[in-house]
Structures are given as structure tokens and as C-alpha cells.
Amino acid sequence: MLIWVAATFLSSLVKGLCGFANAIVFNAMLNFANNPVEISPVCLLIGAPTNMVLSWKGRKLIRKELVALPILLILIGSFLGAMALKNGDARIIKMVFGFFIAAMGGSMLLKRNKKEQKKPGKLFLYGVGLLSGLLCGLYGVGAMMSAYFSRVTEDTASFKANMCFVFVIENVVRLVTYAVSGLMTAGVLLKGAVLLPVSFLGLAAGMLMAKKLDEKKAKLLIYVLLIISGVVLIAQNL
């Protein structure tokens, strides 16, 4: 149980610090010795409240034109994701997305110091939004979603608010689909309830740390975590 507590605290700390990558951290620490069918529902139970807190905190920055497409794709992907988690093997798809996430994070990291960055076209943003919505809805991995929002928002506050609002919608839909498909067992619910206070403690610590980061360092952290997220996603599914 100690490893579950550590994974919960560290993943929630990362969530409070940069707004995403909590699922990657949580899964990375638990995947080698635990069943993914148990990990994903528990991650959802402790992650949903943190998304609610961050999206409420930045509610004035949420823009419907930024969140509409990802929400639509998440609604489509959530049911398929629950079925895949229960009955299928998503390793290859996760590895492909891992390569894409790491490459995008690397590209943004290399271009971060350019004074004039070319604004991405709508076709590119729609494509990334489509992929991010599907990956998040299908498997609960938000790294691609963060890649999308890092390109369409101007600062980290807006980045966190819009992305976490989409995560809230995804969480609600996935809670329903997990419950209907039988993934929310009594054991999962009990473990989630025990770990929830630890999650809030980690989130609070991360949010306090985030206040001490300036904008450039915050964006650098996001880019680095994107790369790490992609690499971990690949490594977990080799």
C-alpha cells in the first residue's frame, strides 16, 4: 500500500505543478507490479477531484472555442476506451502516441527561444485536438491533450484552466463507463477513498510550488514533461 500512497502524492504534486502528467507518473510507479484494470480506475477516482479544483480556480480563463473539439472527441472515445481496457490490448497505440508526444515536446523545447514563432494553422490544431481527445478519452492519458493546449493558450494559467476543464468532462464520462462495465469494484472504490486525502495534499504542494515558477520556467517544465511522458509511455508498452 505504501507504493500506492507514494504514487498518489507524487502524481498529484506534478498535477498541481503543471496541470498534467499525473496519470503518467501514477502508472509508471504502479504498472510493473499491479494490474492496469485496477490502476486506471483508482487513478481516475483520485484524479477527477484535482481536475475540478484546477479548472474552478481558472474558470474565468476557460474558452469554449478551445475546449469544444477535445470534449467532442472524448465523448466518442470514452466508451471505446473502457471496453479496450477491459477486453483488449492497447500497447501498440500507446507506443505510437508516445513517439508523437515526445517528438512534439522536443520540437517545442527547441523552438522555445525564438522571438517570433509561427502560429499553428487550424488544420494542425484540429488534427492534434482530434488525436489528443481520442487518446485521453480512450486511455485516460492526458499528455497529448497538454501538447494541444500548449499550442493554443498564451500562458500557463490559461493552459491549466482549459485543459483541466476538458479533463473534468472526460473524467465524468469515464466514471460512468467504468461503472457500467464493472471496473469500479468495491476494492477500487475503497482504495480511491483512502488515497483521496493524499491526492489533495500532493495537489496543494504542487500548486504552492507553481506559484514560485516564472512563466518561462513553467513552460520549460511543460515541454520537458511532455518528452518524459512520451518516453515513459513507450517504455511501459515495449
Side-chain angles (χ1 to χ4, degrees), residues 1-12 14-15 20-55 70-98 131-145 163-200 202-203 229 232-233 235-237:
M1 187 63 183
L2 185 60
I3 185 64
W4 285 84
V5 173
T8 299
F9 181 82
L10 290 175
S11 63
S12 299
V14 170
K15 180 73 172 182
F20 77 105
N22 55 306
I24 291 290
V25 173
F26 195 78
N27 279 272
M29 294 181 68
L30 296 171
N31 254 341
F32 295 103
N34 297 274
N35 192 331
V37 174
E38 181 181 10
I39 296 172
S40 292
V42 173
C43 185
L44 176 60
L45 288 174
I46 64 175
T50 65
N51 285 317
M52 292 177 184
V53 170
L54 290 174
S55 60
I71 287 175
L72 176 62
L73 270 298
I74 281 173
L75 293 175
I76 295 172
S78 289
F79 175 76
L80 298 176
M83 295 302 101
L85 181 63
K86 188 175 183 180
N87 304 308
D89 183 358
R91 290 175 59 192
I92 295 177
I93 296 176
K94 286 187 177 182
M95 287 177 64
V96 171
F97 276 111
L131 293 174
S132 64
L134 284 172
L135 181 61
C136 191
L138 284 168
Y139 307 116
V141 176
M144 181 68 79
M145 187 69 70
M163 184 172 61
C164 288
F165 177 75
V166 174
F167 286 161
V168 168
I169 304 300
E170 185 272 339
N171 291 165
V172 171
V173 173
R174 196 149 50 98
L175 278 168
V176 174
T177 54
Y178 277 16
V180 171
S181 61
L183 293 171
M184 286 296 179
T185 64
V188 166
L189 292 173
L190 178 60
K191 187 167 288 185
V194 171
L195 294 174
L196 194 57
V198 180
S199 177
F200 280 124
L203 180 69
S229 297
V232 170
L233 201 57
Q236 285 180 336
N237 294 280

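Not measured: the values here are computed from a predicted model.
Looking at every heavy atom in both residues, Tyr178 comes nearest to Ser40 through OH-CB, 3.8 Å. In this structure, Asn22 and Gly47 approach most closely via the heavy-atom pair ND2-CA, 4.4 Å. The two residues Val5 and Val198 come nearest to each other via the heavy atoms O-CG1, 3.7 Å. When every heavy atom of Leu54 is checked against every heavy atom of Lys15, the shortest pair comes out as CD1-O, 3.7 Å. Among all heavy-atom pairs drawn from Pro41 and Val188, the shortest one is CB-CG1, 3.6 Å.
For Ser12, the side-chain hydrogen bond (donor to acceptor under 3.5 Å, both in side chains) partners at least two apart in sequence or on another chain are Ser199. Taking the side-chain hydrogen bond (donor to acceptor under 3.5 Å, both in side chains) definition, one finds that Ser11 meets it with nothing, sequence neighbours left out.
The shortest distance between side-chain heavy atoms of Asn51 and Phe165 does not fall below 4.5 Å. A heavy-atom distance below 4.5 Å is not found between the side chains of Phe200 and Ile46.
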Do Thr50 and Phe167 pass the side-chain contact (heavy atoms from CB on, under 4.5 Å) test, and can you show the C-alpha distance, the side-chain angles, and the key distance before you say yes or no? CA-CA 10 Å; Thr50 65; Phe167 286 161; over 6 Å; no
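Under the salt bridge (Lys or Arg N to Asp or Glu O under 4.0 Å) criterion, no residue pair touches residues 175-190, with sequence neighbours excluded.
For the side chain to side chain contact (heavy atoms under 4.5 Å, CB included) criterion with Pro49, the lone passing option out of Leu203, Leu196, Asn171 is Leu196.
For the atom pair Leu175 CG and Leu45 CG, the distance stands at 6.0 Å (nearest 0.5 Å). For the atom pair OG of Ser181 and CZ of Arg174, the computed distance is 11.0 Å after rounding to the nearest 0.5 Å. Between atom CZ of residue Phe9 and atom CG of residue Leu195 there is a gap of 13.0 Å, rounded to the nearest 0.5 Å. With values rounded to the nearest 0.5 angstrom, Met1 atom CE is found 6.0 Å from Lys191 atom NZ. For the atom pair CD1 (Ile39) and CH2 (Trp4), the distance works out to 5.5 Å, reported to the nearest 0.5 Å. The distance from the CE atom of Met184 to the OG1 atom of Thr177 is 8.5 Å, given to the nearest 0.5 Å.
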